[in-house]
Amino acid sequence: MKPIQAANGFSFRVGFSGYSGHLRVEPLYTEERDNPIKSLPDFVLPPAFPTETPESIEEHIKEKYLLPRLDEDAFSPEKAGKQWDFDWFARAKIPLEPSMPRAIMVPVWELPFRRCKEGSTEGKWEPNSTQVDVSDIIVGGETRGSFPRASNGAANDIVRGSINNRPFRPGGLEDQSLERIFPYGASNGEWVREVLNGGPAQTIPPGFKQGLKLGDLMSHPCSWNVYKDQSAPDDTSVGNLSELSVQFDDLFKKAWEEDVVELDKDEGHSTESDSVKSEAEANQVDVLNTLDTGSSALDEILSVEAEKVDNGRDKGGQQQKEAWAVSGGSEWIADQFYELVPDMAIEFPFELDTFQKEAIYYLEKGESVFVAAHTSAGKTVVAEYAFALASKHCTRAVYTAPIKTISNQKYRDFCGKFDVGLLTGDVSLRPEASCLIMTTEILRSMLYRGADIIRDIEWVIFDEVHYVNDVERGVVWEEVIIMLPRHINIILLSATVPNTIEFADWIGRTKQKKIRVTGTTKRPVPLEHCLFYSGELYKICEREDFIPQGLKAAKDAYKKKNSSATSGGTGSYSGSSTVQDGARGQKREPFNRGKQNKHSGPQTFGNYTGTGWGNQSNGGGQNSWGSRRTTWLMLIDKLSKKSLLPVVIFGFSKNQCDKSADSISGTDLTSSSEKSEIRVFCDKAFSRLKGSDRNLPQVVRVQNLLYRGIGVHHAGLLPIVKEVVEMLFCRGVIKVLFSTETFAMGVNAPARTVVFDTLRKFDGKEFRPVLPGEYTQMAGRAGRRGLDKIGTVIVMCRDEIPEESDLKHVITGTPTKLESQFRLTYIMILHLLRVEELKVEDMLKRSFAEFHAQKKLPEQQQLLLRKLAQPKKTIECIKGEPAIEEYYEMHTEAEEHSEQIIKAVMQSSVAKQYLTPGRVVVVKSQSAQDHLLGVVLKSPPANNKPYIVLLLKPDVPSMTQSPSDRSNLQDKKGADFHQGYVLLPKSKRGLEEDYRISAGPRKGSGIINITLPHRGAAAGVTFEVREAENTEFLCICNSKIKLDLPGLLEFVSNPAFSHTVQQLLKLKSNGNKYPPALDPLKDLKLKDMDLIKAYDKWTHLLQKMSENKCHECIKLEEHIKLAKEIKKHKEEVNALQFELSNEALQQMPEFQGRIDILKEIGYIDEDLVVQIKGRVACEMNSGEELICTECLFENQLDDLEPEEAVALMSAFVFQQKNTSEPSLTSKLSQAKQRLYDTAIRLGNLQAEFKLPITPEEYAQENLKFGLVEVVYEWAKGTPFADICELTDVPEGLIVRTIVRLDETCREFKTAAAIMGNSSLYKKMESASNAIKRDIVFAASLYITGV
């Protein structure tokens, strides 16, 4: 443009900038000035576009006019099947109606006894009226999940739902809100007693203040009929119960008619009261004769009913466990199928298999079905029939899949047969269709948001149900199954899993409906498994039968080759060194800074280790890849000669797939006609891309491979490139396809042969062997039904041959069981808290993780009732108020410390130094219920010898016993006198006790003449001398007494025993039962603080136990056993009550923690009412809900431009952990740090509330900033080829991230509307428009066709 003169001599011009045609203003500094020096330009900007040359003009004309392309207007993304803001329901021609008034007058209803009739005309009640806002009425109607409600939102809310709607009541959930709450007067039975006793007519219902005024009713007779119910089933218990049942409806009817009879007689009219009598009245019994035995009759009724319930549970207990999942017994259906289903909803051009006929029969009966069969067995037939039934019944059917690719492919498959619509995160096609295909996340969102379209759904089909084992997304399946309403039937399609019945039983119990389990373990095309080594195939398994001879032949070939290589000493293949190095590890090829290594995934980290399974090196240099190239060429040549193409080669690394395909680039496997077909198909498919996108390196490279019949398929490819590869492979023109395992899950494209490049994979955390279920899923792609008689599966062997046990495990092993991956999320909690009737505890109870615990609840309830019905045992204490409970608690607590103390303290070398003769100790009684004071008489010379101790016994000797009898007194606890330490008067003592010798030392020979155990009495107290192990010492006291050891052990002198006993009694005379224990620090030299605390606690308990009045009681042992039984019974009752409560749920502690966190940050209030922050969090499905919500309410996006805001938001949806560091502007760097600090703060908060979260891991797991720079440049208009150079992230992941980012923009836009932030709303709209262009949002080939 020409320069434009502005004010003050400032010149500028308006020109185009960038690649999208934006206008920009450029200042001009070359204006003529008076001063020649100033005429020099200050700064000259580089031109926005390169200088045009004849060659560039020729290229432009050629691209614009000569190259074939589709009309951009007719085939734009908006018109090619991708609809973003298109309202299908706006096309409906709705007749215009008058606008609804803003407010209306409605009458106010009052209870009859509160109505005021004064001042009204003719004494009639006239209701008052009040003004009500119409919106209140509509909102009130919306909250009724089970009743029709007005749709006052956008038309899209009918399909997607709204946060203002209440979810539908899940099927199988007890309807507690609809339970009738009877008043006390109706439930206590008083009104029945009044009727039976001949009371007045009951005109006032129980709980009401006033009733009907029927005038003066005549009194009725007091005789009532009790008769047997003829309609009762022929069951003895039911018969006994029905004999005693009173038919009150008939009684009241008869009484009423008797009143009418009397009135009719007064008026002279005849009656027909005889017609009321039934045949059963022949067994009439006068109730008056049985009123005296009414209580016993009532007891009999209750006992009969209880017996009936118990018998029913006992008889059907085992049967009831499998009642919900019904399997087997359906063999007759296949023989009589066409008689059972004469009018099929859809005809199939082939004969149905047995399991398909069974499933269709049950669908016709309106029952839910679980179909488990191998890949390509024909499970989709069941889904097709459900679609046909929905069309026939004028209802809807929903097909859900875990992967978007499956949804797109099923849409293409079903499009020509049924009225099909598609709903995914970024595509909404024909949502008004009767058959809807969607991802499981979309269905979950519809259920939580109460979409009205759910009312019409008859069938929900869950494909690939074994995906419930996925750690990240498996919880979605459980949520959807739990939330489905009662009227929806379920169809589950799964690969063969070992616990099909268990999973179906869980679904049946959760939904309270039977699940028919059918399927087949037979493969439509049998498989043979081979090893490929050194250019030869060795068959090792055929039709599930392992062939050891083939494995032995492969090992022989391996040994022969290694021996020749070792003897020769030359060659690049060194097998012997590989065998010797059992745990070798080879580092992968490092990253290069070129575009060819972009597809390196997480497999590049760490060493590739293992024995047997790690026999495949994955690129350690040119020599390694040279040998791999030779191996691939040998394999492809072998397969081609045996007519085993096409082949799918599964690897577990995107980088490995790309390198393997490039290594055989010289191979050409297609004919000229196939090349022409591939070229035409690619030209049509890629013609929808703009010129620069058609020349992307990945597009050019893949096309060159496709022309030669070689394909690559992994997550790093662009979506349109993956679809081209998939469609060409299904056409059969691709002969060799290198793929990751996603091809087996997401694409229904069988091949003649499947090859495993390795049997080890990296699962994101570590290298591990391939699981049997994973192997079966991938191997199932071998064998095309109707084309191949047998499918071939080949395992590559390079460095060594796997062991037989490992091969058997992976080939014929049991697949992985379906296991619950249920976990609590904040968005789940907030959605459920929005509705009063739905509780989070109900969701937890119904999860697959709690299935087994909830299954046992009825039995536990019965056991609890029996426990509570048992008579309570009481302890009768002979010493007054019983204290045995307290004593038993101390005894139990002391037992907990005993083992630790005895082992660590009493058996230590320091303690043994104190256990010398004269040391006072506390020893455990042989009754094991109490403990005795004693003294050590002799220490053993060796460690394994016992000590000799003297113990004071609690028994009191009889006054009439002779001294000789007392010396051999036995330890009897059944005495009738009160126990205690009694010192008899001197006049009553024996002669030996009256005589005493001095306590001075006496020399002896050291011989022990005493017979152990020796029992006697001295100083009025019985004692016992016996052996004691060091494990029997409970406490070592700090007291020591003088002993006459020769008198005690050699001469067995009674005076010596008396003196010793008196010294022990003196130690107890100061009020303590025992002397203080040794100090743990000063005496025993303990250093462990925990042990010191336990020792102090232990000695304190022993002292308290000795002071308890139950100590040394003659009934202590009996009462201890009784207290133990009482405590055990109480603990069992408490345990059962806990198991029956919500607190027993596994995730209940985490739920309480998350609730506290939501309260802390203001998402809910103290009454668990969801606040505005919680409503905003309910909209966040793409990213972590807490971080996204806090980001919005902290206004972190306000100071950013739309391009910067959407770039920062990419951290919410990007998933790859390890990427190159992006180069950000200062503004984006500040915003990044601000968002990261918010995540750290939330992580710290969750850690404070005891959630198993590390703040740093929480932030890094939910915020990945690897594509911030890429998205920023893309939003500014930079071409896709240029943004790919900014990062090492594969192109396919870039596209996936930006597509998910558009969904995040819509969620943020909805959140802004809830918040009332109009500027954020407009910013999100601009950001969505900025990224929605070109190859990233190219329509799927499955949707638009080619």
Side-chain angles (χ1 to χ4, degrees), residues 471-472 602 764-765 823-830 1147 1149-1164 1171-1174 1176-1200 1204-1272 1287 1289 1297 1300-1301 1304 1307-1308 1311 1315 1317 1320:
V471 177
E472 294 296 326
K765 298 180 180 178
R823 68 180 189 278
L824 280 172
T825 59
Y826 291 106
I827 194 168
M828 178 200 305
I829 295 173
L830 291 170
Q1147 301 188 26
E1150 181 183 351
F1151 168 61
Q1152 295 294 345
R1154 290 181 182 266
I1155 286 291
D1156 294 338
I1157 292 168
L1158 292 175
K1159 290 180 182 178
E1160 182 72 20
I1161 55 182
Y1163 286 58
I1164 58 178
Q1171 306 299 302
I1172 184 171
K1173 291 179 74 172
V1176 170
C1178 289
E1179 298 288 346
M1180 302 301 163
N1181 295 304
S1182 301
E1184 211 282 334
E1185 48 269 24
L1186 294 189
I1187 302 178
C1188 293
T1189 305
E1190 292 299 311
C1191 171
L1192 290 178
F1193 277 88
E1194 292 176 1
N1195 298 324
Q1196 295 188 16
L1197 303 180
D1198 282 7
D1199 59 341
L1200 301 178
E1204 296 170 331
V1206 75
L1208 185 66
M1209 290 162 56
S1210 67
F1212 297 132
V1213 295
F1214 183 49
Q1215 294 180 336
Q1216 186 168 315
K1217 294 182 179 179
N1218 302 287
T1219 60
S1220 58
E1221 189 67 25
S1223 175
L1224 305 179
T1225 63
S1226 59
K1227 198 172 181 181
L1228 274 176
S1229 298
Q1230 293 175 4
K1232 171 188 172 182
Q1233 187 61 40
R1234 189 168 53 198
L1235 186 60
Y1236 185 80
D1237 293 341
T1238 299
I1240 292 293
R1241 176 175 59 83
L1242 291 172
N1244 288 325
L1245 180 65
Q1246 295 176 81
E1248 291 176 6
F1249 284 92
K1250 309 302 181 184
L1251 261 65
I1253 288 177
T1254 304
E1256 290 74 16
E1257 293 181 359
Y1258 172 76
Q1260 294 170 5
E1261 187 70 24
N1262 294 292
L1263 293 177
K1264 299 180 179 68
F1265 298 96
L1267 287 186
V1268 173
E1269 180 187 10
V1270 171
V1271 176
Y1272 177 63
T1287 180
V1289 178
T1297 300
R1300 291 191 63 193
L1301 196 54
T1304 307
E1307 294 171 359
F1308 274 48
M1315 298 168 59
N1317 192 338
L1320 179 63

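In this chain, numbering begins with 1 at the start of the sequence shown. Please read all numbers here as calculations on a predicted model, not as lab measurements.
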Donor-acceptor contact below 3.5 Å, side chain Gln1196 vs main chain Cys1191: no

So which atom in Asn1262 and which in Tyr1258 form the shortest heavy-atom distance, rounded to 0.1 Å? ND2-O, 2.8 Å

Show every salt bridge (Lys or Arg N to Asp or Glu O under 4.0 Å) that has at least one partner inside residues 1220-1247, sequence neighbours left out. Glu1190-Arg1241, Glu1194-Arg1241, Asp1199-Arg1234, Glu1204-Lys1227, Glu1221-Lys1232

Looking only at heavy atoms, the pair that brings Val1271 and Ala1207 closest together is CG1-CA, 3.8 Å

Distance (rounded to the nearest 0.5 Å) between Thr825 OG1 and Leu830 CG: 8.5 Å

Is a side-chain N or O of Glu1307 found less than 3.5 angstrom from the main chain of Asn1181, in a donor-acceptor match? yes

If you draw a 6.0 Å radius around NZ in Lys1159, do more than 12 non-hydrogen atoms from other residues or ligands fall strictly inside? yes

Ignoring hydrogens and geometry, is there a side-chain-to-backbone donor-acceptor pair from Glu1185 to Ile827 under 3.5 Å? yes

Gap separating the CD atom of Glu1150 from the CD atom of Gln1246, nearest 0.5 angstrom: 9.5 Å

Name all pairs fulfilling the salt bridge (Lys or Arg N to Asp or Glu O under 4.0 Å) condition that reach into residues 1243-1265, sequence neighbours left out, sorted by first residue then second. none

Report yes if the side chains of Glu1184 and Tyr826 come closer than 4.5 Å at any heavy-atom pair, otherwise no. yes

Taking the side chain as every heavy atom from C-beta outward, state whether Thr1189 and Met1180 have any pair of such atoms under 4.5 Å apart. yes

From Leu1158 atom CG to Gln1171 atom CD, the distance as rounded to the nearest 0.5 Å: 11.5 Å

CD1 of Ile1164 to CD1 of Ile1155: how many Å apart, nearest 0.5 Å? 4.0 Å

Rounding to 0.5 Å, atoms CD1 (Ile1157) and CG (Leu1242) come to a distance of 9.0 Å

Flag the pair Leu1235 / Leu1208 as yes when at least one side-chain heavy-atom distance between them is below 4.5 Å, and no otherwise. yes

Locate the shortest heavy-atom distance separating Arg823 from Val471; write the atom from each residue and the value. NH1-O, 3.2 Å

Please evaluate residues Gln1260 and Tyr1236 with respect to the criterion side chain to side chain contact (heavy atoms under 4.5 Å, CB included), reporting the C-alpha separation (whole Å), side-chain torsions for both, the decisive distance (0.1 Å), and the verdict. CA-CA 9 Å; Gln1260 294 170 5; Tyr1236 185 80; 4.1 Å; yes

Any side-chain heavy-atom pair of Tyr1272 and Ser1210 under 4.5 Å: no

Side-chain contact, heavy-atom cut-off 4.5 Å: Glu472 with Gln1215? no

Set out, in order, the CA-CA distance, both residues' side-chain angles and the distance that settles side chain to side chain contact (heavy atoms under 4.5 Å, CB included) for Val1206 and Thr1304, then state yes or no. CA-CA 9 Å; Val1206 75; Thr1304 307; over 6 Å; no

Output all residues satisfying side-chain contact (heavy atoms from CB on, under 4.5 Å) with Asn1244, sequence neighbours left out; order by chain, then residue number. Ile1240, Pro1255

Does the pair Val1176 and Leu1192 meet the rule for a side chain to side chain contact (heavy atoms under 4.5 Å, CB included), with working shown? CA-CA 9 Å; Val1176 170; Leu1192 290 178; 4.1 Å; yes

Less than 4.5 Å apart, any side-chain heavy atom of Val1213 and any of Leu1267? no

Are the side chain of Gln1147 and the backbone N or O of Leu824 linked by a donor-acceptor pair below 3.5 Å? yes

Can you find a pair of side-chain heavy atoms, one from Val1268 and one from Phe1214, that are under 4.5 Å apart? no

How far does OG1 of Thr1238 sit from CD of Gln1233, to the nearest 0.5 angstrom? 10.0 Å

Taking the side chain as everything from C-beta on, heavy atoms only, tell me whether Arg1154 gets closer than 4.5 Å to Phe1151. no

Using every non-hydrogen atom in the two residues, find where Ile1161 and Leu1186 come nearest and quote the distance to one decimal. CD1-CD2, 4.0 Å

Given side chain to side chain contact (heavy atoms under 4.5 Å, CB included), test Asn1317 with Phe1308 step by step and report yes or no. CA-CA 11 Å; Asn1317 192 338; Phe1308 274 48; over 6 Å; no

